[in-house]
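Have a look at the structure below, then the notes.
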Amino acid sequence: MSWRRPLRRWLGLPAMRAIRGATTVERDDPAALGTAVRELLVAIQSENQLEGDEVISALFTLTPDLQCAFPATMARSMGWGAVPLLCASEIAVPGSLPRCLRVLVHVERWGAAAPVRHVYLREAVVLRPDLCGLAPGAVFSRAWVCPTPT
C-alpha cells in the first residue's frame, strides 16, 4: 500500500474516485434515452450522496444500437452544465447487452469519504451481478435495481 493514501486521509485532502453506472434503454428514442440518463444519474448522486461540486467529469458510452441523441445533452439539461462530459460508442461485441448506456463519473471526495457505490439498473445488472447481489444465472425483472450495499 502506498503511503500517499493514509497521508491524504490524515491531512483531510481530496481524493479522486470513479463511479461506474449502467442501464438499458427501452428503444432508440430521445425521450427513452433521456429518461434512462436522468434515472441513472439521479441514482448515482443519491447512492453516493454527491454534491454538485464533487463531480469532476463524466464519460458516457452507448452501444451501437443507440444513436438518437447525446447523453451529455440530457445530463446538461438536469444541471450538469459546468461538468465536462464526453460521449462515445461501445465496440460492437457479438452477444453483448443491447441498448446499453454506461457512464464513468469522476468525483473528488474529501477526507475519509464513504466508499463509492456503483449503480446498475434494469437489465444492466447482468454486467456486474457481483455488485448487485445476484447469484449466477439469477432471474430478475426489468424494473429490478441493485440494492444499496450494506
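All values below come from the heavy atoms of this structure, side chains included, with hydrogens, waters and symmetry mates left out. None of these values were measured; they are calculated from a predicted model.
- Note that OG1 of Thr24 and CD of Glu123 are 3.5 Å apart. Values are rounded to the nearest 0.5 Å.
- No side-chain heavy atom of His106 sits less than 4.5 Å from a side-chain heavy atom of Arg17.
- Between the side chain of His118 and the backbone N or O of Arg20, at least one donor-acceptor pair lies under 3.5 Å.
- Clustering ILVMFWY residues whenever any of their side-chain heavy atoms sit less than 4.5 angstrom apart, transitively, puts Tyr120 in the very cluster that holds Leu97.
- Taking each heavy atom of Leu127 and Ala22 in turn, the nearest pair found is CD1-CB, 3.8 Å.
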Donor-acceptor pairs under 3.5 angstrom involving side-chain atoms of residues 74-90: please list them, not counting sequence neighbours.
residue	atom	partner	partner atom	Å
Ser77	OG	Met74	O	2.6
Glu90	OE2	Thr61	OG1	2.4

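- Each side-chain hydrogen bond (donor to acceptor under 3.5 Å, both in side chains) pair with one or both residues in residues 62-72, not counting sequence neighbours, appears once here: Thr63-Asp65.
- The backbone N or O of Ala31 lies less than 3.5 Å from a partner atom in the side chain of Thr35, making a donor-acceptor pair.
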_Could you walk me through whether Leu62 and Arg102 satisfy the side chain to side chain contact (heavy atoms under 4.5 Å, CB included) test, starting with their C-alpha distance in whole Å, then the side-chain angles of each, then the deciding distance to 0.1 Å, before giving a yes or no?_
CA-CA 6 Å; Leu62 297 166; Arg102 293 174 174 89; over 6 Å; no
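- Leu121 and Leu50 end up in the same hydrophobic cluster when Ile, Leu, Val, Met, Phe, Trp and Tyr side chains are linked at under 4.5 Å.
- Note on Val37: it does not cluster hydrophobically with Phe70, by side-chain heavy-atom contacts below 4.5 Å among ILVMFWY residues.
- At a threshold of 4.5 Å between non-hydrogen side-chain atoms, the residues Arg99 and Glu26 do not count as touching.
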*So Val103 and Leu59, side chain to side chain contact (heavy atoms under 4.5 Å, CB included) or not? Walk me through it.*
CA-CA 6 Å; Val103 66; Leu59 170 63; over 6 Å; no
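- Taking the side chain as every heavy atom from C-beta outward, Ser57 and Val105 never approach each other to under 4.5 Å.
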*Quick one: do Val107 and Ile19 satisfy side chain to side chain contact (heavy atoms under 4.5 Å, CB included)? Show the steps, please.*
CA-CA 8 Å; Val107 298; Ile19 303 169; 4.0 Å; yes
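- Looking only at side-chain heavy atoms (C-beta outward), Leu33 and Asp28 stay at 4.5 Å or farther from each other.
- The distance from the CD atom of Gln49 to the CD atom of Glu47 is 9.0 Å, given to the nearest 0.5 Å.
- Clustering ILVMFWY residues whenever any of their side-chain heavy atoms sit less than 4.5 angstrom apart, transitively, puts Val116 in the very cluster that holds Leu41.
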_Worked verdict on Cys100 versus Leu66 for side chain to side chain contact (heavy atoms under 4.5 Å, CB included)_ = CA-CA 8 Å; Cys100 188; Leu66 294 174; 5.8 Å; no
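- A heavy-atom distance below 4.5 Å is found between the side chains of Leu40 and Ile44.
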